[in-house]
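Numbering of ligands and ligand atoms starts at 1, following listing order.
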Amino acid sequence: MKFGGTSVAGTEGMRRVARIVAAAREESPVVVTSAMAGVTDTLAGLLESALHGGAIEDGVAGLRERHLEVARALAPSDENLPRRLEELFRELRVLLRGMRLLGTTTARSADAALGFGELLAQELLVAALSGEGIRGRVVDAREVIVTDDHFGAARPDVAATRARCAERVRPLVEDGVVPVLGGYLGGTPEGVPTTLGRGGSDLSAAILGLALAARRVEIWTDVDGLLSGDPRVVPGARVIPEISFREASELAFFGARVLHPASIDPAIQGGLPVLVRNSLAPEKPGTTILQEAPGPRAAAVALRRDLALVRLRAPGWRRRRGFLERLSQRIAGHGVELVHAWPGPLGIELLVPGGRPAETLDAILAGDGERRAEEDLVLVSLVGEALASRPGLWGEALALAAERDVLRVVQGEGAISLGAVVRADRADDLARAWHGRFVDEEGEDER
Ligand code: ASP
Ligand code: MG
């Protein structure tokens with residue numbers, strides 16, 4: 001069970017999470033916690049400040065007060081908890097002062113400092129569990145999740161992590177204790193602390209689930225699950241009960257922002273279902289992500305707004321060796337996201353975020369040939385395994401898009417998604433039409 005930063009932010013959040021864990025105690029949960037909301041950002045800011053010789057004491061004092069206050073509220077008579085927190089803050093100060101003194105940091109020392117939010121949160125969560133009559137114990141994830149030394153985005157070694165889990169996590173579970181691990185944290189085989197990259201706690205949970213051969217992984221956040229559409233646009237939008245991993249990945253690419261599918265990939269590959277659930281509404285079932293979830297209907301409609309189509313006229317580009325590679329490298333080098341590209345005999349069309357990125361792209365392409373850009377476009381996407389398994393859906397979906405003056409079409413990986421680039425004033429209408437026809441339960445019956 002992994003709890004995100006908003007779920008564990010503050011005393012009430014910690015208590016709520018403890019009740020959720022308590023309700024699952026019969027199933028022997030292992031808990032992963034993020035830092036309280038905003039803490040990792042604050043730490044990153046303090047690191048920056050230290051590097052430039054700026055002030056760090058106030059920032060550290062703010063974090064200290066915030067955590068001690070929660071500690072006092074959760075466990076007023078526990079004297080060890082504040083002591084452990086103070087110890088962590090001492091270490092943090094030493095690290096930050098070192099960086100300020102040297103005016104430089106290494107990725108290695110940055111990782112050591114960035115993980116403090118999780119080190120603090122895990123202590124508080126154990127106290128909250130104890131308030132619910134649950135015996136929790138902090139387990140140092142830096143000694144369990146074994147990673148390479150790619151600091152800032154370390155990659156876990158599943159086999160090594162499995163061995164550490166057998167040693168340090170499983171015995172606790174067998175004793176009826178709930179292990180609590182900070183997410184985001186790892187360590188090299190030699191014990192040097194690493195982090196898995198921002199937002200890495202989901203990956204922590206997926207790796208632990210896999211290494212422990214858990215029945216499932218639960219990602220607890222502050223939304224009800226993955227939605228079948230944007231409720232502000234699509235009246236019938238609802239939480240998707242079951243979705244395939246491929247569908248969830250396409251959805252994330254096309255604009256849904258609940259979780260980063262790559263981070264749960266290890267769990268899915270290992271055959272574990274991943275549940276997305278709301279810690280503010282634990283009675284709701286949430287969304288279950290499965291390796292396969294064949295449904296007769298499409299899963300969702302997503303909108304990605306404010307895009308631009310830039311056409312580069314370059315006849316004969318196919319005969320220029322490495323043209324596409326150079327082009328995409330230049331685009332990436334300028335930090336412009338390439339949403340999609342259509343290569344043709346006379347040139348290439350590129351779909352990119354509008355505004356500055358489109359202007360940048362225009363500048364990059366200057367000299368390459370005649371350019372033409374169209375702004376204020378929306379990519380409306382229909383996502384569902386059903387699109388691949390029921391070929392008739394394609395024609396119908398395309399026809400509905402054509403009625404709304406579709407400009408370009410995008411087919412997703414595995415043919416499980418269909419995207420239509422339309423002008424902004426047609427987008428919502430297309431989203432509603434597709435959702436009503438292919439996603440809503442009341443849509444036409446399966447054939
Ligand atoms: N606390 C870390 C972050 O904010 C990791 C996480 O929350 O997943 O990036
Ligand atoms: Mg976070």
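- For the ligand labelled ligand 1, residue Gly183 lies outside the 4.0 Å heavy-atom shell.
- A salt bridge links Glu87 to Arg90: at least one charged side-chain nitrogen sits closer than 4.0 Å to a carboxylate oxygen.
- Within a 6.0 Å radius of CD in Glu26, other residues, nucleotides and ligands contribute 12 heavy atoms or fewer.
- Counting atoms of ligand 1 from 1 in the listed order, those under 4.0 Å from a heavy atom of Tyr184 are 2 (C), 5 (C).
- Taking the charged nitrogens against the carboxylate oxygens, Lys2 and Glu218 have no contact shorter than 4.0 Å, which rules out a salt bridge.
- Here the CD-CD1 distance, from Glu48 to Ile56, works out to 13.5 Å after rounding to the nearest 0.5 Å.
- Every atom of ligand 1 is numbered from 1 in the order shown, and the set under 4.0 Å from a heavy atom of Glu118 is 1 (N), 2 (C), 5 (C).
- Judged by the shortest distance from any of its heavy atoms, Gly200 lies inside the 4.0 Å radius around the atoms of ligand 1.
- Taking every non-hydrogen atom of Ser34 and a distance limit under 4.0 Å, the qualifying atoms of ligand 1 come out as 6 (C), 7 (O), 8 (O).
- Environment of CZ in Arg137: sparse, with no more than 12 heavy atoms of neighbouring residues, nucleotides or ligands closer than 6.0 Å.
- More than 12 heavy atoms of other residues, nucleotides or ligands sit less than 6.0 Å from atom NE2 of His340.
- Of all the atoms in ligand 1, the ones that sit under 4.0 Å from a non-hydrogen atom of Arg198 are 3 (C), 4 (O), 9 (O).
- Taking distance alone, with nitrogen or oxygen atoms compared against 3.5 Å, Gly197 stays at or beyond that limit from ligand 1.
- Atoms of ligand 1 lying under 4.0 Å from any heavy atom of Ser201, numbered from 1 in the order shown and given with element: 5 (C), 6 (C), 7 (O), 8 (O).
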